[in-house]
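Hydrogens, waters and symmetry mates are skipped; everything else that's a heavy atom, side chains included, is used. The residues of the chain are indexed from 1 along the displayed sequence.
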Amino acid sequence: MRLSVVVPCFNEEHGLADLHARLSAVLPEVTPDFEVVLVDDGSSDQTLTRMRELAAADAHIRYVALSRNFGKESAMLAGLAQADGDVVAIMDADLQHPPELLAQMIELLGKGFDQVVARRDRKGEGRLRSLSSKTYYKMMNRLVDVRLRDGEGDYRVMTRRAVEALLSLGEYNRFSKGLFAWIGFDTAVIDYQNVQRSTGTTKWTFRKLLNYGIDGVVSFNNKPLRLAVYIGLIVTLLAFAYAGYVIIDVLASGVDAPGYATLMVGIAGLGGLQLLFLGIVGEYVGRIYYEAKRRPHFLVKETSGPAPVPVTVVLGRDHEAG
Ligand code: UDP
Ligand code: MG
């Protein structure tokens with residue numbers, strides 16, 4: 001069995017040596033035939049220099065450097081396209097995904113699963129953040145068709161066919177939590193305790209999290225649009241009922257002027273609702289716009305080996321090389 005470990009790295013210059021040490025301690029135990037594919041996601045620090053040094057010193061290490069920061073999703077994709085193992089693992093560079101779990105995960109994979117996910121608890125995390133995550137997952141699971149679980153991140157091992165399945169999803173807007181679930185196959189879960197980042201800082205800000213959350217909701221299906229249709233219908237029915245009431249009221253007791261408050265509430269409420277749903281429609285149109293450009297997901301600046309094939313989007317169909 002050949003094992004590939006894909007590690008997306010963005011400004012991780014201080015963490016790479018530790019990561020290398022930890023991986024070198026555990027991987028040879030799992031299989032002698034392994035590779036580590038480091039992806040430099042356009043870091044502005046010395047990450048790429050560290051990668052060159054590691055690749056020169058250790059034949060198990062390969063790297064791909066992207067031409068700029070494309071985001072973790074694209075960096076993972078670049079790594080998956082490059083990895084050639086029968087079993088592929090994805091993990092973060094900051095050691096928040098303990099490499100020691102890999103042996104256990106790969107063993108489980110051997111029992112007939114196609115994906116094994118490591119699920120973290122929320123120890124050491126802010127109250128607000130865990131509460132908002134919990135609420136988010138509850139809401140998400142109502143809206144999307146795939147099942148998403150709290151704490152299941154990108155740390156996972158996959159069989160070759162699961163990787164191929166992921167690579168065949170050529171969409172530009174990649175919400176990988178959802179994609180991992182979408183491809184299906186039998187998935188096993190193991191739990192581990194949340195670990196703090198070893199060095200550097202997290203790339204998540206509140207705004208990024210919020211945007212990521214919205215991405216998740218609209219990147220899977222058109223249920224939010226359905227919601228717009230339903231609410232629009234209900235409001236229209238209410239308006240008709242109210243119109244009927246007003247007409248009968250005028251016929252019965254004549255015209256009287258008051259009604260300013262009702263009018264204002266109606267205008268403001270409906271205005272807000274219309275803007276909200278226009279926004280939702282806009283989200284989908286924006287996505288179509290990005291998909292229609294058919295741009296590659298990433299561009300490679302430098303590799304330690306043969307360049308990976310950029311995955312390009314061919315409207316709705318599987319990806320084609322080149
Ligand atoms: N990462 C990346 N590109 C980015 C942002 C992050 O490749 O634009 C990598 C980062 O180097 C790390 C992993 O993705 O290996 C997870 O990032 P981070 O630790 O900031 O996220 P968190 O663990 O806080 O969710
Ligand atoms: Mg992290």
Measure the CD-CD distance between E152 and Q115 for me, rounded to the nearest 0.5 Å.
9.5 Å
Separation of M91 CE from H97 NE2 (nearest 0.5 Å)
8.0 Å
Within the structure provided, determine whether M158 and D114 are in side-chain contact (heavy-atom separation under 4.5 Å).
no
Mind checking who shares a hydrophobic cluster with I267, ILVMFWY linked at side-chain heavy-atom distances under 4.5 Å?
L263
Here the side chain to side chain donor-acceptor pair (under 3.5 Å) pairs for residues 268-288, sequence neighbours left out, are D215-R287, E283-R287
Can you tell me how far apart OG (S43) and CG (L16) are? Round to the nearest 0.5 Å.
8.5 Å
Hey, mind stepping through N11 and S44 against side chain to side chain contact (heavy atoms under 4.5 Å, CB included) and telling me if it holds?
CA-CA 6 Å; N11 292 347; S44 53; 3.4 Å; yes
Going by an N to O cut-off under 4.0 Å, is there a salt bridge joining E53 and R50?
yes
Under the criterion side chain to side chain contact (heavy atoms under 4.5 Å, CB included), I'd like the reasoning laid out for F175 against E73: C-alpha separation, chi angles, the key distance, then a yes or no.
CA-CA 7 Å; F175 180 71; E73 307 283 334; 5.6 Å; no
Taking R160 first and then D86, would you say they form a salt bridge - that is, a charged N and a carboxylate O separated by under 4.0 Å?
no
Step-by-step side chain to side chain contact (heavy atoms under 4.5 Å, CB included) determination, V88 to V157
CA-CA 5 Å; V88 180; V157 295; over 6 Å; no
Can you say whether the rings of Y172 and Y290 are parallel (under 30°), tilted (30 to 60°) or perpendicular (over 60°)?
parallel
Pairwise distance CG(D92) to CZ(F10) - rounded to 0.5 angstrom:
13.5 Å
Measure from NZ or CZ of R156 to the centre of the six-membered ring of F180 and say whether it is under 6.0 Å with the direction within 45° of the ring axis.
yes
Which residues share a ring-ring contact (aromatic ring centres under 6.0 Å, His included) with F34, sequence neighbours left out
H60
Which distance, rounded to the nearest 0.5 Å, do you find between the CD of E171 and the NE2 of H297?
7.5 Å
Side-chain donor/acceptor of T31 to backbone N/O of R2, under 3.5 Å
no
Is the backbone of N194 close enough, under 3.5 Å, to the side chain of D121 for a donor and an acceptor to pair up by distance?
yes
Cluster question for you: counting only ILVMFWY and a side-chain heavy-atom cut-off of under 4.5 Å, with indirect links fine, are L27 and M51 together?
yes
Side chains of Y212 and K177 only: does a donor on one sit below 3.5 Å from an acceptor on the other?
no
Quick check: do L270 and V235 have side-chain heavy atoms less than 4.5 Å from each other?
yes
Does L101 share a hydrophobic cluster with V189, counting links as ILVMFWY side-chain heavy atoms below 4.5 Å and allowing steps through other members?
no
If every non-hydrogen atom of V39 is compared with every non-hydrogen atom of G79, which pair is closest and at what distance?
CG2-CA, 3.6 Å
Does F185 reach the side chain of R161, with side-chain heavy atoms less than 4.5 Å apart?
yes
Do S4 and E35 pair up side chain to side chain, a donor and an acceptor below 3.5 Å, judged on atom types alone?
yes
Going by heavy atoms in the side chains, are I61 and H20 under 4.5 Å from each other?
yes
Indicate whether any N or O donor in one side chain lies under 3.5 Å from an N or O acceptor in the other, for E302 and Y63.
yes
Polar contact flag, side-chain donor to acceptor under 3.5 angstrom, D40-T47:
no
Atom of P8, atom of A93 and distance for their closest heavy-atom approach:
O-CB, 3.9 Å
Correct closest heavy-atom pair for C9 and L38 would be SG-CD2, 4.5 Å
Take L19 and L95, measure what side chain to side chain contact (heavy atoms under 4.5 Å, CB included) needs, and give me the verdict at the end.
CA-CA 7 Å; L19 177 77; L95 291 173; 3.8 Å; yes
Measuring from K111:NZ to D186:CG, what's the distance to the nearest 0.5 Å?
14.5 Å
Going by distance alone, is a donor N or O of one side chain under 3.5 Å from an acceptor N or O of the other, for D41 and N69?
yes
Contact between I247 and L251 at the side-chain level, heavy atoms closer than 4.5 Å - yes or no?
yes
With a 4.5 Å cut-off on side-chain heavy-atom distances among I, L, V, M, F, W and Y, is there a chain of contacts connecting L273 to L238?
no
